[in-house]
Structure formats: structure tokens, C-alpha cells
*Asks:* 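One structure is given below, represented as C-alpha cells, and several questions about it will come after.
Remember, it's 1-based here, ligands and their atoms both numbered in the order they're listed.
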Amino acid sequence: MLSENVFCRERIIMLGTLLFALIALNSDISFSSPCPECFVLLYPDRDSSSGFTDYRCGNLSYDGHTGTDFAVADEAKMRSGVTVRAAAPGRVLRIRDGVPDRKVSDLNQVKGQECGNGLVIDHGRGWESQYCHLRQNSVTVRPGQQVDRGTPVGLVGQSGAASFPHVHFEVRHQGKTIDPNGGIPLNNSCSTNKTALWQQPIAYIPTALIHSGFSPQVPTMAEVEAGKWHNYQIKATDPSLIFWTRSYGVKAGDRVTMTMVNPDREQVVDYKNTLTKDNRIFFIYTGSRKVVPGTWTVTFQLDRGNQKLIDISQTILVK
Ligand SMILES: [Zn+2]
């Protein structure tokens, strides 16, 4: 059995003395990214109240989250096969496979199998790492098998209690969940200055574009998540030319700008808006109902204060 603590877990009360012990222990283990091709969408929750915070005092977490979620942009990327790797040398303790990949709306559907397909690796000296939500029938290791740092163990999936394709990576020491980004057990603290357990630093990127693309009709968020409009090429016979973007970590007060210029150099979209609420995932699209052949230019910008957090410009040739 894998530990089914992915969605909720008992709070950990930390003693000051334990903190000293763990600072000393930090040097005896280091982890590599379990998914170098992924981006980090959610961190462990370091707030023991009903609120949540990530290790940098940001909002890339949710209440009770115990792992670091390494995500891919959409199900099309997941279907292409994204490798999950052992984060440190060790011995595989247990695995699960055969759970279908699907977006779960009701957690009762996966009761007892919240982790989905996954595995636990014993790294010795009380350290363990767990990998959840792997793709159905992708786990390539067996209990008892020795793995090295970087050994492929499966593929990124969406099994168990997962609402997007990712690998939930969780670290434990002597049975207690540790935040590898902060290096100490989950507790009531966050700080911008923490010792991480990563062998190579993993950049903290609070806001970023996940992906963008085009569609011939108004896209739904579900279609975009499923990868339906991944790399769609607009044709002159299409009923509309829609440009869509999906970003994470978007906050109230952020300013969004989208523009579209047609092949005749006419600006057909000039959209500006200041957001009134935080959006963990921010999906927006704009477009033209008149599609003509030639080169179109689209832009998407997200500004916060005087920082330009996202700034993309794309041209497409419509035939
Ligand atoms: Zn997770």
C-alpha cells in the first residue's frame, strides 16, 4: 500500500530541538528533480491553519498539500510520455499501477487510491520519497529494486486524486513529511531564505505562462487542458481565429493586455483589463470572426506593478 496522505495529512508539531537535528541531517541527502521536463505548480502547504502558504510565503499551494507537484502543460504533453525519475539512489519499497488516468471531480471515486499509480523509494537513514499520479501501466520498477539518482521509474500521469497531469513528489524523514524546498518539516513558517534539499536549485517562479495556442472556435478550459488545441493550425476557411493562453499564479491587481493584428496591419483586438481576484490558473482568449490568409500577430502581457511577468508575441501564417 502506498501512503494515501496526498490530500490531507495530520498536522505536524515541531519541537525546536528537532529543527536542530534536521539542519544537521540536511547534508546527508539531496534530491534531484523527479521530472526535469516539468514545471512546479504547487508546493507543500506550510500553514497549519485552514489557510495555506508555500515555502516562499506565496500562494502556490492549497490547504493540507504535502508534496511538490511537478506538472506538464496538458494531457497532450502527458500522452507524449514524460519520464519520472528517482530523485535519489535507493531501494523501491512498494508500487501501485493500473489506476486509470482521469480528471477526478469527486474524491470518493478514488478513495483509498488517492496517490493513483506510484511508488515509494527508501533512501536509507530514515529518508523516503513518494511519487504519485503516474500514468496507467507506466511504472517500470518493482519492489526491492535498487535505483540510482535519475533512474526512470514511470511516466507523468493523472491517476488517483489528480485534477491535472503531474507527479506529486513527497519527501519523508522518519515518517514525517519534509518540504524539500524548505528542508524542514511542514510547520507554520515560510521564508525567502531556506535551505533546500535539492541537489540543483529549482527556481521558484510564482507566475508564468503554462501554454498558449490557437483554435477555430471558442475553446473551453477543459478542451485546452485535454490538449485538444495543442498546435492547432488556423486555416483561412476556419470560422474564427482565436488566440488563447493559460497561466498560473495570477493575482488581483495584475494587468492583462492582449492584442491581435491582421495581415492588413489593422489592430483587430486591443484588450486591457485589471484583474479583481487571484487566479491559480488563469485562462483567457480573444479573437477575430473574420479570418483572412496572411500573417497575423498576437500578443499577451501580464504586468504587476512595474514588472512585466509574461510578455509573449507570436506570428502565425494563415493559408
Ligand atoms: Zn500534490
Side-chain angles (χ1 to χ4, degrees), residues 2-12 31-48 50-56 58-75 77-78 82 84-87 95-96 99 101-107 109-121 128-136 138-139 153-172 176-182 185-187 190 196-198 202 204-206 208 210 225 248-249 280-281:
L2 296 168
S3 306
E4 302 301 347
N5 53 8
V6 175
F7 262 69
C8 57
R9 192 177 167 85
E10 216 173 287
R11 307 296 177 206
I12 293 158
F31 296 101
S32 300
S33 169
C35 181
E37 276 186 72
C38 297
F39 61 95
V40 176
L41 188 56
L42 294 169
Y43 291 91
D45 175 19
R46 303 191 62 89
D47 181 343
S48 58
S50 59
F52 59 87
T53 178
D54 62 45
Y55 79 109
R56 292 284 296 263
N59 59 0
L60 298 182
S61 189
Y62 60 81
D63 187 31
H65 191 227
T66 51
T68 305
D69 288 350
F70 291 82
V72 296
D74 56 28
E75 291 168 33
K77 179 71 178 170
M78 177 188 96
V82 178
V84 174
R85 298 175 183 280
I95 69 156
R96 182 196 289 129
V99 181
D101 296 287
R102 58 177 178 176
K103 199 187 192 63
V104 168
S105 48
D106 176 3
L107 288 180
Q109 293 173 314
V110 289
K111 210 168 173 55
Q113 296 195 330
E114 286 85 349
C115 180
N117 307 310
L119 61 143
V120 175
I121 300 175
E128 279 181 1
S129 60
Q130 182 172 14
Y131 309 71
C132 292
H133 314 311
L134 303 196
R135 210 166 111 180
Q136 187 174 23
S138 78
V139 178
V153 295
L155 298 174
V156 171
Q158 197 172 203
S159 58
S163 57
F164 57 97
H166 69 286
V167 53
H168 168 105
F169 175 72
E170 185 163 331
V171 171
R172 291 186 284 272
K176 296 207 182 327
T177 301
I178 305 287
D179 181 355
N181 307 286
L186 303 181
N187 67 355
C190 57
L197 296 179
W198 301 117
I202 292 181
Y204 178 84
I205 303 172
I210 298 173
E225 288 172 340
Y248 71 84
R280 176 172 290 146
I281 301 292

*Asks:* If I compare all heavy atoms of L134 with all of L119, which pair ends up nearest, and what's the gap?
*Replies:* CD1-CD2, 3.7 Å
*Asks:* For the Zn ion (ligand 1), find the closest N/O/S atom belonging to H168 and write down its atom name.
*Replies:*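 Minimum-distance N/O/S atom of H168 relative to the Zn ion (ligand 1) is ND1.
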*Asks:* Restricting to N, O or S atoms of D69, which is nearest to the Zn ion (ligand 1)?
*Replies:*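 Result: OD1.
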*Asks:* Kindly assign one of parallel, tilted or perpendicular to the pair H168 and H65, based on the angle between their ring planes and the thresholds 30° and 60°.
*Replies:*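 Perpendicular: the ring planes of H168 and H65 meet at over 60°.
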*Asks:* Got an N, O or S from H65 under 2.8 Å of the Zn ion (ligand 1)?
*Replies:* yes
*Asks:* Name all residues meeting the ring pair (Phe, Tyr, Trp, His ring centres under 6.0 Å) criterion together with F39; count only those two or more places apart in sequence or in a different chain, and write none if there are none.
*Replies:*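 So F39 forms a ring pair (Phe, Tyr, Trp, His ring centres under 6.0 Å) with Y248.
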*Asks:* Looking at every non-hydrogen atom in both residues, tell me the closest pair between S129 and F169 and how far apart they are.
*Replies:*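 Minimum heavy-atom separation between S129 and F169: CB-CE1, 3.6 Å.
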